[in-house]
Novice: 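This is the structure I want to talk about, given as structure tokens.
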Amino acid sequence: MEKRAVFQSRWLPYALVLPQLLITFIFFFLPAGQAVMQSVMMEDPFGLSTEFVGLANFRELFADPNYIASFKITILYAVLVAFSGLAISLLLAVCADRVLRGGGVYKTFLIVPYAIAPAVAGVLWMFIFNPTLGTLSHALRAFGLDWNYMVHSGHALTLIVIAAVWKQVSYNFIFFLAGLQAVPKSLLEAAAMDGAGPFRRFWSVVFPLLSPTTFFLLVMNVVYAFFETFAIVDATTMGGPGQDTNILVYKVFVDGFRNMNFGGSAAQSVILMVMVIALTVFQFRFIERRVNY
């Protein structure tokens, strides 16, 4: 029989969810509504006067080649961060799940980066890849690669991708490891008895059972790449060299708080929010069909 909670007061369930509803309204719906309202307004830098301009801010954005370039680099950056982070995390989880002795130590060290702030992660990798002081930059120079993320846009993009992936690997690792430990051993033993090798057992048995976890992490990593890597970019490249790493979330900050273009910045935030919502809906609409629950 299905167990259901019975509340003595009809208002108690609403009182229990009220704090979460208030937090969601204050910190999500209210700022989102304010951004939509500001996106159709033109405001002076001091906030003394506003003028309704309709969709002029959006038309100006899509006519700006710098915004189109930021749009493209953001898509590339999100794809690299999401898929690289998932692949590395899954590999580490598989390796950690096979460790028999000292497994707790390995798992603890793999989880530690998640406790580090994004800005700290960016500064850490910035020093490692520093053109003059960085250990890895000197090692790359020994192999004939003149590494300098301050000059080469490809090096700068690689730096922020590595920092973002390293910061997110721990989050993905926790879920993948939990999913691997939930796979019934009897299925693996049956596949081994049928003659399936380690790779075949993983691809045909383990990975399909991990599809719900993989789908959840794909959605979370896309959102992470679009919204939560601002501090990494700000601490490392600041959108440079030029504007080659000026991803959308960082461009919103630059245009709004440095250039004082409040209307254009609000329009960018609305477009970014719509993009992420559309990507999430697309993932749930099409990619979830391949998920086996």
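When a residue number appears, it is its place in the shown sequence, counting from 1.
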Novice: Check whether Leu188 and Leu209 end up in the same hydrophobic cluster, where Ile, Leu, Val, Met, Phe, Trp and Tyr are linked by side-chain heavy atoms less than 4.5 Å apart.
Specialist: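 Both belong to a single hydrophobic cluster.
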
Novice: Please report the closest heavy-atom contact between Met150 and Pro241, naming both atoms and the distance.
Specialist: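 Smallest interatomic distance, heavy atoms only, reads O-CB, 3.5 Å.
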
Novice: Where do Lys185 and Asp97 come nearest, in terms of heavy atoms and distance?
Specialist: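 Nearest pair, atom of Lys185 first, then Asp97: NZ-OD2, 4.3 Å.
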
Novice: Donor-acceptor pair, distance only, cut-off 3.5 Å: does the side chain of Thr74 make one with the backbone of Ile247?
Specialist: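 No.
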
Novice: Roughly how far, to the nearest 0.5 Å, is CD of Glu43 from CG of Asn261?
Specialist: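 Result: 10.5 Å between the selected atoms.
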
Novice: Is it true that, when you exclude Arg10 itself, more than 12 heavy atoms of the residues, nucleotides or ligands shown sit nearer than 6.0 Å to its CZ?
Specialist: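 No, because the 6.0 Å sphere around CZ of Arg10 holds 12 heavy atoms or fewer from other groups.
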
Novice: With the 4.5 Å side-chain cut-off for hydrophobic clustering, are Leu279 and Leu248 part of the same group?
Specialist: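 Result: yes, single cluster for both.
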
Novice: Between Phe199 and Trp203, what is the ring plane arrangement, given parallel below 30°, perpendicular above 60°, and tilted in between?
Specialist: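 Taking Trp203 first and then Phe199, their aromatic rings lie parallel (interplane angle under 30°).
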
Novice: So which atom in Phe173 and which in Ser89 form the shortest heavy-atom distance, rounded to 0.1 Å?
Specialist: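 Looking at all heavy atoms of both residues, the shortest contact is N-CB, 3.9 Å.
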
Novice: Is there a side chain to side chain contact (heavy atoms under 4.5 Å, CB included) between Trp125 and Thr236? Walk through the geometry before answering.
Specialist: CA-CA 8 Å; Trp125 285 99; Thr236 53; 5.8 Å; no

Novice: If you count every heavy atom of other residues, nucleotides or ligands that lies below 6.0 Å from Arg200 atom CZ, does the total exceed 12?
Specialist: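 Counting neighbours around CZ of Arg200, 12 or fewer heavy atoms of other residues, nucleotides or ligands fall under 6.0 Å, so no.
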
Novice: Are the side chains of Leu180 and Val206 in touch, meaning some heavy atoms are under 4.5 Å apart?
Specialist: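 Yes, side chains in contact.
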
Novice: Please check if the number of heavy atoms outside Phe83 that lie under 6.0 Å from its CZ is greater than 12.
Specialist: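 Atom CZ in Phe83 is not crowded, with 12 or fewer foreign heavy atoms closer than 6.0 Å.
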
Novice: Please report the shortest heavy-atom distance between Val165 and Ser84, naming the atom on each side.
Specialist: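 Closest pair (atom of Val165, atom of Ser84, distance): CG2-CB, 4.1 Å.
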
Novice: Check for a donor-acceptor pair, side chain of Arg201 on one end and backbone N or O of Leu187 on the other, with a separation under 3.5 Å.
Specialist: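 It does not hold such a pair.
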
Novice: Would you find a donor on one side and an acceptor on the other, under 3.5 Å apart, between the side chain of Asn130 and the backbone of Thr132?
Specialist: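 The answer is yes, because a donor-acceptor pair under 3.5 Å joins these two groups.
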
Novice: Heavy-atom distance under 4.5 Å between the side chains of Val40 and Val53, does that happen here?
Specialist: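 Contact flag for Val40/Val53 side chains = no.
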
Novice: With a 4.5 Å cut-off on side-chain heavy-atom distances among I, L, V, M, F, W and Y, is there a chain of contacts connecting Ile75 to Ile232?
Specialist: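 Yes.
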
Novice: Dump the intermediate steps for side chain to side chain contact (heavy atoms under 4.5 Å, CB included) on Tyr250 and Thr229, then the final yes or no.
Specialist: CA-CA 9 Å; Tyr250 192 73; Thr229 56; over 6 Å; no

Novice: Minimum heavy-atom separation for His155 and Asp146, please, with both atom names.
Specialist: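 In terms of heavy atoms, the two residues are closest at CE1-O, 3.4 Å.
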
Novice: Which donor-acceptor pairs under 3.5 Å do the side chains of residues 62-72 make with protein atoms, sequence neighbours left out?
Specialist:
{"from": "Asp64", "atom 1": "OD1", "to": "Asn66", "atom 2": "N", "distance (Å)": "3.1"}
{"from": "Ser70", "atom 1": "OG", "to": "Asn246", "atom 2": "O", "distance (Å)": "2.5"}

Novice: Could you state the interatomic distance from CD1 (Ile174) to OG1 (Thr213), rounded to the nearest 0.5 Å?
Specialist: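 If I round to the nearest 0.5 Å, the distance is 13.0 Å.
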
Novice: Just how far is it from atom CZ of Phe253 to atom CE of Met238, taken to the nearest 0.5 Å?
Specialist: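 Atom-to-atom, Phe253:CZ and Met238:CE are 7.5 Å apart.
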
Novice: CG/Leu218 to CG/Asn172 distance, rounded to the nearest 0.5 angstrom?
Specialist: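 Between Leu218 CG and Asn172 CG, I get 10.0 Å after rounding to 0.5 Å.
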
Novice: Have a look at Phe129 and tell me which of Trp147, Tyr149, Trp166 forms a ring-ring contact (aromatic ring centres under 6.0 Å, His included) with it.
Specialist: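 Per the ring-ring contact (aromatic ring centres under 6.0 Å, His included) rule, the option paired with Phe129 is Trp147, out of Trp147, Tyr149, Trp166.
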
Novice: Donor-acceptor check, side chain of Asn57 to backbone of Met41, threshold 3.5 angstrom: yes or no?
Specialist: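 Flag set: sc Asn57 to bb Met41 pair under 3.5 Å.
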
Novice: Would a 4.5 Å heavy-atom cut-off, applied to side chains only, mark Gln168 and Val81 as touching?
Specialist: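 In short, these two side chains do not touch, never coming nearer than 4.5 Å.
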
Novice: Only one of Tyr171, Tyr224, Phe175 passes ring-ring contact (aromatic ring centres under 6.0 Å, His included) with Tyr114; say which it is.
Specialist: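 Running ring-ring contact (aromatic ring centres under 6.0 Å, His included) over Tyr171, Tyr224, Phe175 with Tyr114 returns exactly one hit, Tyr171.
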
Novice: For the atom pair CE (Met42) and CD (Glu60), what is the distance rounded to the nearest 0.5 Å?
Specialist: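 Interatomic distance, Met42 CE to Glu60 CD, rounded to 0.5 Å: 6.0 Å.
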
Novice: State the OG-CD1 distance between Ser153 and Ile73, to the nearest 0.5 angstrom.
Specialist: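 Here the interatomic distance stands at 7.5 Å.
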
Novice: Does Val79 share a hydrophobic cluster with Val249, counting links as ILVMFWY side-chain heavy atoms below 4.5 Å and allowing steps through other members?
Specialist: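 Yes: a chain of side-chain contacts under 4.5 Å links Val79 to Val249.
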
Novice: Step through it carefully: locate the ring centre of Phe25, locate the ring centre of Phe29, and say whether they are under 6.0 Å apart.
Specialist: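 No - the distance between ring centres of Phe25 and Phe29 does not fall below the 6.0 Å cut-off.
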
Novice: Any donor-acceptor pair under 3.5 Å linking the side chain of Ser265 with the backbone of Phe262?
Specialist: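 No: the side chain of Ser265 does not pair with the backbone of Phe262.
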
Novice: Output, in order, the C-alpha distance, side-chain angles, deciding distance and verdict of side chain to side chain contact (heavy atoms under 4.5 Å, CB included) for Phe176 and Leu86.
Specialist: CA-CA 9 Å; Phe176 274 134; Leu86 291 176; 4.1 Å; yes

Novice: Are Ile128 and Leu157 linked, directly or through other ILVMFWY residues, by side chains that come within less than 4.5 angstrom of each other?
Specialist: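 Looking at the clustering, Leu157 is in a separate group from Ile128.
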
Novice: Answer yes or no: is there a side-chain heavy-atom contact under 4.5 Å between Asp255 and Gln268?
Specialist: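 When only atoms from C-beta onward are counted, Gln268 and Asp255 do touch, with a gap below 4.5 Å.
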
Novice: Would you check, one step at a time, whether the test side chain to side chain contact (heavy atoms under 4.5 Å, CB included) holds for Asp244 with Thr237?
Specialist: CA-CA 9 Å; Asp244 292 333; Thr237 64; over 6 Å; no

Novice: For Phe109, I'd like to know if atom CZ has over 12 heavy atoms of other residues, nucleotides or ligands within 6.0 Å.
Specialist: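 Check fails, neighbour count at 12 or below.
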
Novice: Shortest non-hydrogen contact from Ala156 to Thr245?
Specialist: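 Shortest heavy-atom separation between Ala156 and Thr245 comes out as CB-CG2, 3.7 Å.
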
